[in-house]
Every structure is written in C-alpha cells, then in structure tokens.
Amino acid sequence: MRLRSILRETWRNTSSGTARSVTLALVLTGLVVIASSAEISTVAALERQAAAFRAAGASVLTISAPGRVDGARCESLRDLPGVHAAGALTLRPGESVAAVALPGAPMPVADASPGFASVVGATTDGGPGLILAADAATTLGTTVGDRLATTTGASRLAGTYVYPRDGRRDGYGYLAVGVTGTDAPFDECWVEAWPLTTDLNPLLFTVLRPGGDADDVPQVQQLNPTLGAEFDGAGLYRERVTRFGGLLVGLVAAVVAFVAVRARRVELATALHDGMRRRDLWTIVALESTLWTAPATAVGMALSLAWFGRDGDLLVGAVLGTRVVLSVLLGGATGVVVALVTTREKHLFAYAKDR
C-alpha cells in the first residue's frame, strides 16, 4: 500500500470508531494522571521534608574549640562541594549590649566572620552595625538599616536572623552579632551543607589552629539533632511507596491495548486474507496507536512539568513525567505487538465462529 492509502485507512478507522481511539485515549490518560499524581505527591512530600530539615538548622554542623578556630580557614570551607555557607563565631564572655528603649533586656555580644550571616540565614544590607534576632528587632520596632541607640553608644541594625526554639542549641537565639574580619581567633565554626553527610566531620578539624590543652577536645555537633544526623533523600526516594506505580500502570496499559486490538482480530485477519501485506497492517495499527497514546503523553508531561515548574524544578518534572509516560507507552506498545503477533490469517474462520 502507498503511504497515502495507509494514512487514509488509519484516519477512516479512527474517525469511524473502529480503532476505539477515544476510549483508549481516555483510559490511558486516566492511568497516566493517576500514576503521575501519585509520584508527584510522593516526591513533593520528600521535598517538603528536605526543606523542613534545612529550615530547622539540621543541615548545620559546628565545631567548638575556644580560641583555636581560624576564621579564614572556616570561611574557606564554603568552597567544598555541597557546602553552601561557612562562618566563625566568638561569644564575648560577660559582655552584653542593651537598646536604650529596653535597658532591662541586655543581649549577649558575639563577633562573627562575614560568612556567619549566611549560615543562619540572616537578612542583611551588607553595611556596618549589629545583626540581631528578628524577635528583638521587632520588639524594638526597628528594621534593617535603622539607627540603633544602645547603652554603649550609637550603632545601626545591619541585619536580622531567625533562631526558633525547635531543637537547636540554646544560647544563640538572642545575640547581638557584630561582623568582624577573619584574623582574630574564634571559638566556633559553623558550616551549612546540603546534602548533609557525616563525611564533612573530619574536614571541620582543618579549621583549628595548633595549641590547646590535652583535655580540650574539639566538639563537633549538629546544630539541631532532633531530625536525625542526616537526611537520606536518595534512600527515601528509592524506597518510596509509588516506586512500582509505573510498572503497574504499564501492565494495565499492556492488557488494555492487547484486548483492544484482539477485539478486532476478525477485521485484521480479514484484511490479511484479502491480500493486505502484514507490514502495511502493522503500520496502520501503529499509527492508530500513536493517535490514542499522544493525549496520555501530553497530559502526563504537562501535569508533571506544571507542578514542579512552579518552583523551577523543570528537570525533576521532566524525569518523573517521562518515567510514567514511558511505562504506559511501553506497556501499550507491548500489548499491541503481542495482539498483532497472535492474530493470524489462517485463524480467520475460527475468529468468526467465536465472535
């Protein structure tokens, strides 16, 4: 058959309802929507867990060695793969500062290297001054950039940070932090890494300067250990409940496609009996299959891309959408091929008798 004749036959079968294209398209689209929705909800839940882990400060590691932390070395840790921020901190023992508006609520004073603000997610304007806890700034009625009158002199509010009581180490939620250079020794080095792994722990000891007593053992701690030592996102994804969803919908699609094509066995066998070449018959059925799989493919990819595209995760949406769509397409193609292979011209009269 010529290509034009093949296309005309394909269109005739589709438009007349012989190929059941509308029914098959609806069934496959429904399967894709169900499978895609399950995958989307599962992965979105994992993303929320990961975001909660980081928001709680669980992805921050600290090493404490009073007077031995090299600020420059600490800051250089941000150049390591997976490290997003690093900064050093020193609390000034016995020193505090109070706003003139609240002289009865003094705040402990700390010095920090420039990168510390990023570790705690502080909002700063990059200028000189103090970085206060957001609650303290709210109580004082000040915003970033405002003049800050203290009992020790005038200053300005250079930034604010949030440090809730959600399992983080105590003593850092009500500080007045002044940003200094990196030359002076510090007491602690804080590092925010994602994904957080215990492989980072040995590298924290590289920020220490020589010295210290034998009994003064540096302490490596997780800022917030309540959510676990690490977030194994890859492991949770591999063990997700919906990991077999694609296989299941693929099997269902194979059964649906097989039944749909086998239901036309008399028509197909008759075409072969009338002299149609098998390859022409396969081409026609393949084109018909393309017409009823296209809507499912489009809907599945659009659904996945639209959901994850909101946050700019188009790659995640493309991967998940492709996994589901390919499962359905491969299942449908397998069902069609098996049905065509098992449909023989010599069985025409048996098909007609059993119909």
Side-chain angles (χ1 to χ4, degrees), residues 38-65 69 74-75 77-78 80-89 91 108 110 112-113 115-123 131-136 138 159-175 177 187-207 217-243 307-308 310-313 315-316 319-320:
E39 281 282 63
I40 287 172
S41 62
T42 300
V43 173
L46 291 178
E47 288 185 333
R48 287 193 295 271
Q49 292 179 40
F53 189 90
R54 295 189 71 184
S59 60
V60 176
L61 288 179
T62 68
I63 183 169
S64 178
V69 173
C74 177
E75 293 264 333
L77 291 179
R78 65 173 178 267
L80 294 175
V83 175
H84 294 269
L89 180 73
L91 296 178
S113 65
F116 183 79
S118 297
V119 177
V120 295
T123 300
I131 300 175
L132 304 183
D135 291 342
T138 301
T160 60
Y161 70 97
V162 178
Y163 198 91
R165 295 183 178 179
D166 54 2
R168 306 178 200 221
R169 287 167 52 192
D170 292 331
Y172 301 91
Y174 197 67
L175 291 177
V177 181
D187 294 340
E188 299 184 11
C189 178
W190 291 29
V191 178
E192 198 277 324
W194 188 254
L196 179 66
T197 66
T198 53
D199 296 339
L200 182 61
N201 291 23
L203 298 177
L204 293 177
F205 288 89
T206 63
V207 307
V217 180
Q219 298 294 319
V220 175
Q221 294 177 286
Q222 189 178 6
L223 185 62
N224 187 346
T226 59
L227 299 180
E230 60 183 46
F231 181 81
D232 186 14
L236 292 173
Y237 177 77
R238 287 192 299 268
E239 298 299 322
R240 70 193 187 284
V241 177
T242 58
R243 63 186 182 278
W307 179 271
F308 290 103
R310 301 177 308 167
D311 301 322
D313 295 331
L315 180 59
V316 175
V319 170
L320 288 181

**Asked** To the nearest 0.5 Å, what is the distance between CD (E188) and CG (L204)?
**Response** 11.5 Å
**L80 side chain near L200 side chain, heavy-atom distance below 4.5 Å** = yes
**Asked** What are the two closest non-hydrogen atoms of A88 and S113, and how far apart are they?
**Response** N-OG, 2.7 Å
**Item:** Nearest-0.5 Å distance that lies between atom OH in Y161 and atom CG in L175
**Value:** 4.0 Å
**Prompt:** What closest approach, in Å, do G173 and A133 show between heavy atoms, and which atom pair accounts for it?
**Reply:** O-CB, 3.3 Å
**Residues forming a salt bridge (charged side-chain N to carboxylate O under 4.0 Å, His left out) with D166, sequence neighbours excluded** = R168
**Side chain Y237, main chain L46, donor-acceptor under 3.5 Å** = no
**Prompt:** Does any non-hydrogen side-chain atom of F308 lie less than 4.5 Å from one of V43?
**Reply:** yes
**Prompt:** How close do V69 and C189 get, heavy atom to heavy atom, and via which atoms?
**Reply:** CG1-CB, 3.8 Å
**Message:** Go through it in stages, so that I can follow the logic: the residues are F205 and I63, the test is side-chain contact (heavy atoms from CB on, under 4.5 Å), and I'd like the CA-CA distance, side-chain angles, deciding distance and then a yes or no.
**Reply:** CA-CA 8 Å; F205 288 89; I63 183 169; 3.9 Å; yes
**Message:** Does the plane of the ring in Y172 sit parallel, tilted or perpendicular to the ring in W190? Use 30° and 60° as the thresholds.
**Reply:** perpendicular
**Message:** Looking at every heavy atom in both T160 and A134, which two are closest together, and how far apart are they?
**Reply:** CB-CA, 4.1 Å
**Asked** So which pairs with a foot in residues 50-65 pass side chain to side chain donor-acceptor pair (under 3.5 Å), sequence neighbours left out?
**Response** R54-E192, S59-E192, T62-R169
**Fill in**
In short, V177 meets A112 closest at the heavy-atom pair CG1-CB, 3.5 Å
**Request:** Output the distance between atom CG (L320) and atom CG (L315), rounded to the nearest 0.5 Å.
**Result:** 9.5 Å
**Prompt:** Does Q222 use its side chain to pair, donor to acceptor, with the backbone of E230 at less than 3.5 Å?
**Reply:** no
**Asked** Heavy-atom count around R310 CZ within 6.0 Å, excluding the residue itself: above 12?
**Response** yes
**Asked** Going by heavy atoms in the side chains, are T206 and L77 under 4.5 Å from each other?
**Response** yes
**Complete:** Residues A38 and S41: closest non-hydrogen pair is O-OG, 2.9 Å
**Message:** Quick one, T42 with V241, criterion side-chain contact (heavy atoms from CB on, under 4.5 Å). Give me CA distance, side-chain angles, the key distance, then yes/no.
**Reply:** CA-CA 8 Å; T42 300; V241 177; 5.7 Å; no
